[in-house]
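Chain naming here is simple, since letters A, B, ... match the order of the sequence lines and numbering starts at 1 in each.
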Amino acid sequence: MSAKLPSSLLRRRDGVVAEIAFVWLARFAVFAPLIVLGWLLGGLAIDGLGRIDWAFITELPSRKAERAGIWPALMGSLWLITLTAAIALPVGVAAAIYLEEYGRQSRIAGVVEVAIANLAGVPSIIYGMLGLGLFVRFAGLGKSVIAGALTLAILVLPIIIMSTREALRTVRDSLREAALGLGATRWQMVRQVIVPMALPGILTGAILAVSRAIGETAPLVLAGAVAYISFAPDGIDAPYTALPMQIYDWTSRPQKAFLVNAAAAIVVLTVVLLLLNSVAIWLRNRYQKRAY
Amino acid sequence: MRDTDVPAAKMSTRGLQAWFGKQQVLKGIDLDISARRVTAIIGPSGCGKSTFIRCLNRMHELIPGAGSSGTVTLDDANVYDPAVDPVMLRRRVGMVFQKPNPFPSMSIRDNVLAGLKLTKSLNKRRPAEVVEKALRQAALWDEVKDKLDKPGTSLSGGQQQRLCIARTLAVEPEVVLMDEPCSALDPIATARIEDLLHTLRDDYTIIIVTHNLQQATRVSQRTAFFLTGECVEYADTDRLFTSPGDRRTEDYITGKFG
């Protein structure tokens with residue numbers, strides 16, 4: 001038998017209801033997007049999965065829905081995304097390194113910071129207009145893959161710069177001091193200490209950027225993607241279309257069969273996106289392990 | 001009373017002043033640091049002692065808004081001469097920091113070699129020899145010789161700090177600056193580092209900032225007492241602690257303030 005418990009030790013009731021309510025709200029907040037996403041992808045898979053076969057991937061678009069394929073759009077998207085990453089990643093990472101590691105004391109850095117944050121919120125159609133004016137017309141690139149990729153590169157640049165800066169900021173200053181104290185130059189410090197440690201975060205930014213770029217349609221409408229094309233791009237100056245353009249084109253047609261095609265193309269687009277991201281996630285995990 | 005047997009100065013400061021923005025933290029320091037001796041800098045928090053040693057290898061100027069004036073010489077050469085590259089200076093005047101800061105992405109071996117790898121000066125020497133020599137100097141070799149490939153951050157705090165000392169010594173500096181190197185360590189780890197300092201002074205000129213007055217008496221031959229950005233007294237350690245020449249020094253070492 002134990003003595004009567006003092007009231008100071010008893011389980012309290014006030015605040016418990018609020019906490020339980022909050023935890024359930026939080027659980028709902030976690031699962032709601034998952035359910036919506038699952039419903040969306042599930043619906044698409046039901047509609048489109050049956051339509052996907054080898055011919056659908058490798059065939060050219062056609063006026064007859066059952067013969068139409070996505071080959072030029074798929075290749076166009078891969079070209080676009082490869083070029084966009086190749087342009088935006090080096091520029092974005094370099095800009096972030098400059099702002100974080102070299103320009104911290106300069107006044108320009110503050111101005112640039114505000115500008116980048118604002119750019120990230122600009123509607124993508126505006127980037128399309130910029131691409132049309134700057135790359136397609138002024139630079140004379142015409143309606144080519146490279147003009148589209150440059151447009152998308154500018155679109156994702158703020159995402160890459162901001163996430164890279166965030167990643168660089170997570171590296172403790174004591175490690176910068178350690179490197180400089182050993183007689184390293186700033187460049188040696190950045191290259192051999194800071195960037196390796198920030199790499200997982202930088203790759204996360206790359207994932208976000210690529211995901212954003214591969215799904216964009218609006219800027220491409222302006223920056224030169226064509227709705228119908230009968231061949232895959234064979235160079236950076238070739239005309240092109242992209243999967244989101246193809247999907248947009250098909251969904252706007254009255255025939256039901258084209259809607260099925262669109263659903264199937266969305267499934268392919270999602271798979272391509274997941275494949276690209278899994279490469280980046282694999283890389284990130286490799287480097288995270290190395291950074292202990 | 002005169003201090004006896006003061007060897008030639010390895011580093012000297014004349015009229016050294018330093019700022020953080022508009023706040024002046026050093027108000028004209030004149031100090032001669034003897035070669036192959038341990039010099040302790042003591043004083044209450046905020047007296048400028050850390051800033052002082054950070055001026056000696058030009059780490060102070062890396063902080064945004066920080067500035068300094070006056071001269072600092074290393075072997076009679078002014079290290080603030082515009083022609084001096086601070087990067088080259090820091091290879092001759094190494095630094096150990098308050099908190100152990102091994103590179104988390106590197107093994108124990110690579111941490112020791114970090115200075116040489118970072119500065120691309122490794123190829124002429126044998127890495128294994130460099131690692132063993134530096135770790136022996138830092139009295140860490142026996143504890144880690146079988147796990148050199150383990151991450152540096154897997155060691156205990158005291159071992160990490162000795163690893164950081166080994167990393168600094170591997171670059172073969174002439175002067176080693178230590179900014180409260182034991183403040184994050186337990187007494188046993190502290191004792192090991194203090195023992196280490198006695199052997200290191202055969203080869204290196206050491207300047208150690210410390211909050212711990214007993215530590216200053218145990219490890220140093222010369223002691224400087226700093227107060228609000230000025231050097232109040234600078235003398236042989238024995239003399240400064242037994243018969244201080246300034247009232248403020250006496251108040252501080254007897255615990256009346258700080």
Ion pair check, [X] and [Y], cut-off under 4.0 Å:
X       : Y       : result
E132(B) : R136(B) : yes
R92(B)  : D75(B)  : yes
R36(B)  : D202(B) : no
E101(A) : R186(A) : no

Quiz item: Taking non-hydrogen atoms and a cut-off under 4.5 angstrom, which of residues 154-181 of chain A neighbour chain B?
Solution: R172(A), S174(A), L175(A), E177(A), A178(A), A179(A), L180(A), G181(A)
Self-check item: Exercise: do E172(B) and Y204(B) side chains pair donor with acceptor under 3.5 Å
Solution: no
Quiz item: Going by atom types alone, do E216(A) and S124(A) pair a side-chain donor with an acceptor below 3.5 Å?
Solution: yes
Self-check item: Side chain, backbone, both or neither of P86(B) within contact of chain A (heavy atoms, under 4.5 Å)
Solution: neither
Self-check item: CA sep, side-chain torsions, deciding dist, call: F20(B), H60(B), ring-ring contact (aromatic ring centres under 6.0 Å, His included)
Solution: CA-CA 9 Å; F20(B) 287 114; H60(B) 174 67; 5.0 Å; yes
Quiz item: Taking every heavy-atom pair that is under 4.5 Å apart, which of T185(A), V193(A), L182(A) has the most such pairs with chain B?
Solution: L182(A)
Quiz item: If you count heavy-atom pairs under 4.5 Å between each of M95(B), K99(B), M88(B), R167(B) and chain A, which one has the most?
Solution: R167(B)
